[in-house]
Amino acid sequence: MNVIELQNLHYRWQGQSRDTLAIAKLHVAQGEHLFIRGASGSGKTTFLNLLAGILRPASGSLTILGQALQSMDNAARDRFRADHMGVIFQQFNLLPYLSVRENVQLPCHFSKRRKQQAGDMQATTNRLLEHLGLDRQLWERPVTDLSVGQQQRVAVARALIGSPELIIADEPTSALDTDTRDGFLNLLFQEAAVQGSTIVFVSHDPHIASHFPRVVDLRELNQP
């Protein structure tokens with residue numbers, strides 16, 4: 001089964017004279033880990049925002065888990081993203097007034113499906129934070145007390161809770177040194193494998209590509 005099926009996708013920012021993205025075809029299979037490489041300004045974040053349903057394509061088809069995102073209204077795409085996708089943002093987007101535990105559990109407050117799949121939410125949160133190597137003494141602390149590397153682990157746990165089928169990552173390792181980055185990727189892959197999640201990871205860092213079984217260059221994929 002393909003988690004992502006994309007055909008003749010076009011997107012153009014308002015006021016521009018040419019497409020930002022024009023992608024003829026892309027299929028991503030269930031459980032696959034895909035790395036999309038692209039320089040700054042190449043449209044990587046725009047592409048991920050289309051996959052996540054934050055943006056809507058101008059034309060073409062974009063099917064995620066058998067659902068045509070281009071046919072959904074904004075509210076439907078928001079519900080679909082909350083139920084089926086975990087997003088790891090470049091700046092993490094953690095809520096500073098919530099604790100580590102509360103940040104991890106946040107998706108379950110927006111999605112009944114993910115709350116049900118998480119089961120015992122406290123136990124699931126504990127397992128994710130333990131597996132991701134975050135000190136138990138930090139779990140009830142506000143995320144502003146954490147280092148960048150620790151905040152990143154919280155962002156990963158938040159994306160994984162409730163076993164979403166698709167994990168989307170937008171350059172989340174850009175602030176990390178090499179050893180921390182490699183450890184982070186290994187933990188992400190391990191957790192995704194446990195729950196069978198597909199990963200689409202975008203970055204300009206060529207060193208990350210060696211960790212992925214499939215690598216696509218956005219310059220070759222995108223032909224505006």
Side-chain angles (χ1 to χ4, degrees), residues 1-13 16-65 68-70 81 84-93 152 155-156 159 164-193 196-224:
M1 173 185 171
N2 288 322
V3 170
I4 299 171
E5 294 186 352
L6 183 157
Q7 298 280 349
N8 297 319
L9 183 76
H10 291 262
Y11 183 82
R12 179 181 301 183
W13 289 105
Q16 290 190 339
S17 59
R18 57 179 295 183
D19 290 338
T20 302
L21 292 174
I23 300 174
K25 184 178 181 181
L26 178 68
H27 291 172
V28 182
Q30 182 177 3
E32 189 170 9
H33 296 173
L34 171 64
F35 179 81
I36 298 180
R37 179 173 50 210
S40 297
S42 62
K44 300 188 304 297
T45 298
T46 300
F47 178 67
L48 288 189
N49 285 339
L50 286 165
L51 292 184
I54 297 169
L55 298 177
R56 189 175 186 174
S59 62
S61 65
L62 173 57
T63 303
I64 309 289
L65 297 166
L69 261 62
Q70 76 279 359
R81 180 172 60 255
H84 300 286
M85 302 183 198
V87 182
I88 307 172
F89 299 94
Q90 185 173 2
Q91 303 300 326
F92 311 147
N93 290 6
Q152 186 174 53
V156 172
E165 294 96 322
L166 177 60
I167 304 296
I168 295 174
D170 185 5
E171 301 211 53
T173 60
S174 59
L176 302 182
D177 59 48
T178 300
D179 290 342
T180 306
R181 178 197 66 201
D182 292 349
F184 159 78
L185 288 170
N186 290 334
L187 288 168
L188 174 61
F189 293 156
Q190 289 170 16
E191 286 298 327
S197 297
T198 302
I199 298 175
V200 176
F201 193 111
V202 164
S203 177
H204 68 279
D205 186 349
H207 300 290
I208 299 176
S210 62
H211 294 267
F212 285 78
R214 182 182 176 193
V215 178
V216 173
D217 194 313
L218 189 58
R219 291 175 300 180
E220 298 175 2
L221 190 66
N222 185 30
Q223 299 293 325

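None of these values were measured; they are calculated from a predicted model.
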Asker: Under 30°, 30 to 60°, or over 60°: which ring-plane class applies to His33 and Phe189, parallel, tilted or perpendicular?
Answerer: parallel
Asker: Do Ile88 and Leu188 have side-chain heavy atoms sitting under 4.5 Å apart?
Answerer: yes
Asker: Roughly how far, to the nearest 0.5 Å, is CZ of Arg37 from OG of Ser203?
Answerer: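 Those atoms lie 10.0 Å apart.
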Asker: Nearest heavy-atom pair of His207 and Asp205: which atoms, and what distance?
Answerer: N-OD1, 3.0 Å
Asker: Can you tell me how far the CG atom of Leu221 sits from the CZ atom of Phe47, to the nearest 0.5 Å?
Answerer: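 Output value for this atom pair is 6.0 Å.
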Asker: Should the pair Phe184 and Phe201 be assigned to parallel (<30°), tilted (30 to 60°) or perpendicular (>60°) ring geometry?
Answerer: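 Because their plane-to-plane angle lies in the 30° to 60° range, the rings of Phe184 and Phe201 count as tilted.
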Asker: Determine, step by step, whether Thr45 and Glu171 satisfy the side-chain contact (heavy atoms from CB on, under 4.5 Å) criterion, reporting the C-alpha distance in whole Å, the side-chain angles of both residues, the deciding distance to 0.1 Å, and the verdict.
Answerer: CA-CA 9 Å; Thr45 298; Glu171 301 211 53; 5.8 Å; no
Asker: From Ile167 CD1 over to Ile199 CD1, what is the distance, rounded to the nearest 0.5 angstrom?
Answerer: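 Between atom CD1 of Ile167 and atom CD1 of Ile199 there are 7.0 Å.
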Asker: Given 3.5 Å as the limit, does a donor-acceptor pair link the side chain of Arg81 with the main chain of Ala52, or not?
Answerer: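 Side chain of Arg81 to backbone of Ala52, a donor-acceptor pair under 3.5 Å: yes, one is there.
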Asker: Keeping Arg56 on the side-chain end and Gln70 on the backbone end, is there a donor-acceptor pair under 3.5 Å?
Answerer: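 Yes, the answer is positive, given that a donor and an acceptor are paired below the 3.5 Å cut-off.
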Asker: Looking at every non-hydrogen atom in both residues, tell me the closest pair between Ile168 and Leu51 and how far apart they are.
Answerer: CD1-CB, 4.0 Å
Asker: State the CG-CE distance between Leu166 and Met85, to the nearest 0.5 angstrom.
Answerer: 5.5 Å
Asker: Compare every heavy atom of Pro164 with every heavy atom of Ala159, then report the nearest pair and how far apart it is.
Answerer: O-CG, 3.1 Å
Asker: Ignoring hydrogens and geometry, is there a side-chain-to-backbone donor-acceptor pair from Lys44 to Ala39 under 3.5 Å?
Answerer: yes
Asker: Counting only heavy atoms not in Arg219 (residues, nucleotides, ligands), do more than 12 fall under 6.0 Å from its CZ?
Answerer: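 Result for CZ/Arg219: open.
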Asker: Kindly compute the distance separating OG (Ser42) from CD1 (Ile36), expressed to the nearest 0.5 Å.
Answerer: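 Rounded to the nearest 0.5 Å, the OG-CD1 separation comes to 10.0 Å.
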Asker: Report yes if some heavy atom in the side chain of Ile64 is under 4.5 Å from a heavy atom in the side chain of Glu165; otherwise report no.
Answerer: no
Asker: Run the side-chain contact (heavy atoms from CB on, under 4.5 Å) test on Leu62 and Tyr11 for me, step by step, so that the C-alpha distance in whole Å, both residues' side-chain angles and the decisive distance to 0.1 Å come before the verdict.
Answerer: CA-CA 12 Å; Leu62 173 57; Tyr11 183 82; over 6 Å; no
Asker: Let me know which of Leu55, Val87, Asp170 forms a side chain to side chain contact (heavy atoms under 4.5 Å, CB included) with Leu48.
Answerer: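 For Leu48, the side chain to side chain contact (heavy atoms under 4.5 Å, CB included) test succeeds with only one of Leu55, Val87, Asp170, which is Asp170.
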Asker: Checking Gln7 side chain against Ser61 main chain: does a donor-acceptor pair fall under 3.5 Å?
Answerer: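 Flag not set: sc Gln7 to bb Ser61 has no pair under 3.5 Å.
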Asker: With rounding to the nearest 0.5 angstrom, report the CG to CG distance, Leu26 to Leu9.
Answerer: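 Reported value, rounded in 0.5 Å steps: 9.5 Å.
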Asker: Any chance you could lay out the side-chain contact (heavy atoms from CB on, under 4.5 Å) test for Val3 and Glu32, step after step, and finish with the verdict?
Answerer: CA-CA 9 Å; Val3 170; Glu32 189 170 9; over 6 Å; no
Asker: Is there a side-chain contact (heavy atoms from CB on, under 4.5 Å) between Leu6 and Ile23 once you walk through the steps?
Answerer: CA-CA 8 Å; Leu6 183 157; Ile23 300 174; 3.5 Å; yes
Asker: For the pair Asp182 (side chain) and His211 (backbone), establish whether a donor and an acceptor sit closer than 3.5 Å, ignoring hydrogens and angles.
Answerer: no
